[in-house]
Amino acid sequence: MEEYPTPPQIVLIGDFNDDPSDQSLACHLLATRDRSLARSHADYFYNPFWRHLGESHAHVPGNPCKSVGGTYFCPSGSESRWMTFDQIIVSSALVHPKDWELHEHNTGIWKNERLVEALQKTTSIFDHLPITTEFTAHTNGSKQ
C-alpha cells in the first residue's frame, strides 16, 4: 500500500452484498472488527458492523420478541435469513481521530418496526434496512 504522510480519512458506505466476515471485506479490504488493530495499522479499515451479525435481542422464554439479525432479509436463506450487507466502514484515521471522530454508539441499523415488517413481506419491493452513523469534527482542538 502507498504510504501517506497523514492517514487518509475514508468512509465507505453501502450495500456490499457480503457480511463483514466474508473474505472480500475481512481479508481483501482488511476491514477488521478489532478497533486497536485498525488504530495501529494505517492500511486497515474498521468495520463496526461486525456487531450486527446476530440477533438484536436475546431470547427470553415466553417472550416472542421480534428480533432483527442484519440489514437484509432473505426469506429463502439456507444458513440464515438475515444478512448484514449494508455497512459503514472507516479508515484507521477515523478510529484514531485527529480531525474527525466516529461515534460508534450512534452507528447501527435503523430498526423501525414498520420497515422490518415491510422487509419480511414476500410481496414488498423494500429489501434493506437503513444504516446510520455520526461523526464529530475537531477544529482547532475542539469538537464541532
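- Nearest heavy-atom pair, Asp19 versus Thr84, reported as atom, atom and distance to 0.1 Å: OD1-N, 2.6 Å.
- Cluster membership check: Phe85 does not share its hydrophobic cluster with Ile13, using side-chain heavy-atom separations under 4.5 Å among Ile, Leu, Val, Met, Phe, Trp and Tyr.
- Scanning both residues, Ile89 and Phe45, for their nearest heavy atoms gives CG2-CB, 3.5 Å.
- Atom OG of Ser92 and atom NE2 of His41 lie 10.0 Å apart (nearest 0.5 Å).
- For Gln9 (side chain) and Val90 (main-chain N/O), no donor-acceptor pair under 3.5 Å exists by modelled atom type.
- Residue Trp50 comes nearest to Ala26 through the heavy atom pair CZ2-CB, 4.0 Å, listed as atom of the first residue, atom of the second, then distance.
- The side chain to side chain contact (heavy atoms under 4.5 Å, CB included) search around Gln120 returns Phe73, Trp82, Val116, not counting sequence neighbours.
- Distance check, rounded to the nearest 0.5 Å: CG of Asp22 to CE of Met83 gives 9.5 Å.
- Annotation: the span from His128 atom NE2 to Asp15 atom CG amounts to 4.0 Å, rounded to 0.5 Å.
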Working for side-chain contact (heavy atoms from CB on, under 4.5 Å), residues Asp99 and His138
CA-CA 5 Å; Asp99 300 321; His138 297 270; 5.6 Å; no

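- One hydrophobic cluster, built from ILVMFWY side chains closer than 4.5 Å, holds both Trp110 and Val11.
- At a threshold of 4.5 Å between side-chain heavy atoms, the hydrophobic network of Ile, Leu, Val, Met, Phe, Trp and Tyr places Leu115 and Ile88 in one connected group.
- Closest non-hydrogen pair, Thr133 versus His103, comes out as OG1-O, 4.3 Å.
- Other residues, nucleotides and ligands contribute only 12 or fewer heavy atoms inside 6.0 Å of the CZ atom of Arg81.
- Residue Leu25 comes nearest to Pro20 through the heavy atom pair CB-O, 4.0 Å, listed as atom of the first residue, atom of the second, then distance.
- Gly70 and Leu129 make their closest contact through O-CD1, 3.8 Å (heavy atoms, listed as atom of the first residue, atom of the second, distance).
- For the pair Arg39 and Val95, the minimum side-chain heavy-atom distance is below 4.5 Å.
- Atoms CG and OH, on Leu37 and Tyr46 in that order, are 11.5 Å from each other to the nearest 0.5 Å.
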